[in-house]
Enquirer: 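Sharing a structure with you now.
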2 protein chains.
Amino acid sequence: MSVKVTIYEVALAARVSLATVSRVLNNPEKVKPDTRERVLKVIKELGYRPNAIARGLASRKTTTVGVLVSHITRASVAEMLGGISDIAMKYSYSIKLFSAHEDVNIIELINDIVAEQVDGVLILNDELDASRMKKVKELFDENEIPFVLANVVNDDRSVPSVSIDYEKAGYEITKLMIEMGKKDIYMLSTVRKYSVNDKKELGYTKAMQEANLMPRVFRTSGTTSVNRQHFANFFADKIIDGAIGVRDSIAVSFMNIANESGRSVPEMVSVAGFQNTKYALLSRPTLTSIDIPVYDIGAVAMRLLTKLMNKEQLDSLQVVLPHYIVRRESL
Amino acid sequence: MSVKVTIYEVALAARVSLATVSRVLNNPEKVKPDTRERVLKVIKELGYRPNAIARGLASRKTTTVGVLVSHITRASVAEMLGGISDIAMKYSYSIKLFSAHEDVNIIELINDIVAEQVDGVLILNDELDASRMKKVKELFDENEIPFVLANVVNDDRSVPSVSIDYEKAGYEITKLMIEMGKKDIYMLSTVRKYSVNDKKELGYTKAMQEANLMPRVFRTSGTTSVNRQHFANFFADKIIDGAIGVRDSIAVSFMNIANESGRSVPEMVSVAGFQNTKYALLSRPTLTSIDIPVYDIGAVAMRLLTKLMNKEQLDSLQVVLPHYIVRRESL
DNA sequence: CTGAAAGCGCTTACAG
DNA sequence: CTGAAAGCGCTTACAG
């Protein structure tokens, strides 16, 4: 039935020209109601769906956005894609997914994305230093493709982005511990440098310094099984009464080891994490965590991108979504 | 520099016809080495990248696959997309992402996907009953678009699919508990029916019946916070010495409550989960779990799809990946 | 309000 | 081995 029906066959059956069929679909108000109805009827009967590729070539708009993801296997990526796809669907955009590995040349990849003729691009989770950021911006600008950073740390005010204030979040959770009387608070971060984690550390450090306390960052590999040894060895001879993990999983991992080595949480050590994932709910004690609205970051970024693609006027290119601390047993 | 360079400009600069430039890209062996080098040089200099849309229209192949995901926000989706995208990249396919919500008409969605001119489709995690499965198959067959089910329960041997044997997995873990002398083993499943979970239950039931034990399935809503009450109330007056959660999170959730209400794990109750996620590692006690190779399911499904798109001969359309039990403290 | 025609940027038989 | 030409299935000024 609906095998490869083209606009030509619709036109024939409705006794109009191709142009009219196209108008019915794209500018219905320009077509006389009678004709419009007749054409729509035929479209339905034949199960006609315009070939998106042909349409893309002719109109030079593909109604497709590229989503460039680094660390695609992360759980939060799925959450963010959920937000992106819900909004994309609402505005009838398709999503093309591009995964950036550590070793791929991001500039090459972006050239590929450009060649795919997307109308806009979302960049998730990436680590773009200033010089690469500049190059990325040039590439997109040259090709007049709007793009939005989602959950990426970025200090260039001319680049549209949606994120949360990680530095402030780091500051607040540290401050909270300090106000509870904690003095030997560690930040548990990752060996590999993530700009998001840098911001958290920055906030932590600021709060510690303001209180005349010594900021101390401990870096783990991030692998749970490895953390175990790291934590146990490192903290064996240390004084510690507070710990903030840059991820919930790191916080929980630390908490388990603390409890096992007789430093009970929260009595002796307060612990907090970032992201407010299910880990925080399933751990014992349950974990205090900073809630990051990942789904919303995706949704808002996609929404912002639609505005840019429509060349709408915007008051601000930078959206900072609110975060909040979810208090639980660990603190 | 590389702004909108077309094949025409390359041809001009290299003093050849469009056809030759096209051949250099698509059938280089048909072009004389000298000419080929000359053209390649120009392509590089101008930073030419063929417009994927135009190419798609002319060749009627888009080198794009559609990925239809239900429950896109699930963590395992990201993992599976990782496997898919790694293999897709290897074979130079792009990925178009389509998210299926509970309420969307899957048939409509597939018609959309078809209109997008993808060369093949991957269906992830979906619940397709026999009649919808039949319709989906018809649609794709009509349009000659190969498709592969990934992590979807499917009994139609003519439909390509990659998954694991969930029934066997359910059987094995239950059997293991029985062999350890457990008699009152519950399966903790979800209220909403997932065919994957049905299979797990089937295996569980089979093992219980073989041992002349009474199979008992307890259904929770799946929300962690709600589980808490459910579990506590339900098991208050029940005898139980084993529990198998259809997901790690459910198992951990149960385990926490069991421990808190004085039924210590593993001494009094053995617990196991499915998926072998980080939850299993971070819980206390650590959780025995069935490892499901989610990344591999994605990768293998994508690889299978490339074969189908190339019309390669296959010995089997059904791939069943191995699973295994990861023993930890909870059992 | 509608149609004829050009064109989007490629690929692919067909000749030579 | 290479080029001229048709065509992929649409959209969009341009006339009327």
Side-chain angles (χ1 to χ4, degrees), chain A residues 2-40 42-43 46-64 94 112 114-119 143-144, chain B residues 2-40 42-43 46-64 94 112 114-119 143-144:
Chain A
S2 71
V3 190
K4 310 279 166 192
V5 181
T6 70
I7 196 172
Y8 183 76
E9 293 157 81
V10 174
L12 205 71
R15 287 168 292 111
V16 292
S17 71
L18 313 186
T20 299
V21 179
S22 177
R23 278 191 210 99
V24 168
L25 258 20
N26 302 309
N27 303 94
E29 72 286 357
K30 290 190 178 171
V31 181
K32 193 165 58 169
D34 307 13
T35 336
R36 196 196 307 154
E37 293 314 319
R38 181 152 41 93
V39 173
L40 284 173
V42 173
I43 286 177
L46 299 183
Y48 169 67
R49 310 233 167 188
N51 176 322
I53 299 298
R55 172 180 273 187
L57 184 57
S59 68
R60 255 151 303 181
K61 294 170 85 276
T62 54
T63 56
T64 298
S94 295
D112 283 347
V114 170
E116 298 263 6
Q117 310 298 120
V118 296
D119 294 345
N143 292 282
E144 297 178 70
Chain B
S2 72
V3 189
K4 307 281 167 194
V5 181
T6 69
I7 196 171
Y8 183 75
E9 293 156 81
V10 174
L12 206 69
R15 289 169 293 111
V16 293
S17 70
L18 312 186
T20 298
V21 179
S22 177
R23 278 190 210 100
V24 168
L25 259 20
N26 302 308
N27 302 96
E29 72 287 357
K30 290 190 179 171
V31 180
K32 194 164 57 170
D34 308 12
T35 335
R36 197 195 306 154
E37 292 315 318
R38 181 151 42 93
V39 173
L40 284 172
V42 173
I43 287 178
L46 300 182
Y48 168 67
R49 308 236 168 188
N51 177 321
I53 300 299
R55 173 181 270 187
L57 184 58
S59 68
R60 254 151 304 180
K61 294 171 86 277
T62 54
T63 55
T64 298
S94 295
D112 284 347
V114 170
E116 299 263 7
Q117 310 297 121
V118 296
D119 294 344
N143 292 281
E144 297 178 68

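Protein chains get the first letters and strands the later ones, always in sequence-line order, with residue 1 at the start of each. All figures in this text were calculated on a predicted structure; none of them were measured in a lab. Values reported hereafter were calculated over all heavy atoms of this structure, with side chains retained and with hydrogens, waters and symmetry mates removed.
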Enquirer: Counting the atoms with a prime plus P, OP1 and OP2 as sugar-phosphate, which does A/K30 contact under 4.0 Å by heavy atoms, base, sugar-phosphate, or nothing?
Expert: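 Contact class for A/K30: base.
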
Enquirer: Keeping the roles fixed (side chain from A/N51, backbone from A/A54), state whether a donor-acceptor pair exists under 3.5 Å.
Expert: yes

Enquirer: I want to verify a distance call: between C/dC1, C/dG9, D/dC10, whose nearest atom is closest to the A/L18 side chain?
Expert: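 The answer is D/dC10.
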
Enquirer: Can you tell me if B/Y48 touches the phosphate of C/dC10, counting only side-chain N or O atoms and a distance under 4.0 Å to OP1 or OP2?
Expert: yes

Enquirer: For a quick check of understanding: with a heavy-atom distance under 4.0 Å over all strands, which category does A/S59 fall into, base, sugar-phosphate or nothing?
Expert: sugar-phosphate

Enquirer: Determine the contact category for A/T6: base if any of its heavy atoms lies under 4.0 Å from a base atom, sugar-phosphate if only primed atoms, P, OP1 or OP2 are that close, otherwise nothing.
Expert: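 Sugar-phosphate, no base atom in range.
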
Enquirer: Could you tell me the separation between the CD atom of B/E9 and the P atom of C/dC10, rounded to a whole number of Å?
Expert: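 My rounded result for the distance is 9 Å.
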
Enquirer: Quick check on DNA chain D: between B/K32 and B/A54, whose nearest nucleotide comes earlier from the 5' end?
Expert: B/K32

Enquirer: Closer than 4.0 Å, any side-chain N/O of A/S22 to the OP1 or OP2 of D/dT12?
Expert: no

Enquirer: Taking only side-chain N and O atoms of B/N26, does any of them lie within less than 4.0 angstrom of OP1 or OP2 on C/dT11?
Expert: yes

Enquirer: Does C/dC8 have OP1 or OP2 sitting under 4.0 Å from an N or O in the side chain of A/R60?
Expert: no

Enquirer: Report yes or no: does B/S59 contribute a side-chain atom to a donor-acceptor pair with the main-chain N or O of B/R55 at less than 3.5 Å?
Expert: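 Flag set: sc B/S59 to bb B/R55 pair under 3.5 Å.
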
Enquirer: How many whole angstroms separate atom CG of A/L12 from atom P of D/dG9?
Expert: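 Distance check: A/L12 CG to D/dG9 P gives 15 Å.
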
Enquirer: Let me know the distance between CD of B/Q117 and P of D/dC8, rounded to the nearest Å.
Expert: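 In whole Å, D/dC8 P and B/Q117 CD are 13 Å from each other.
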
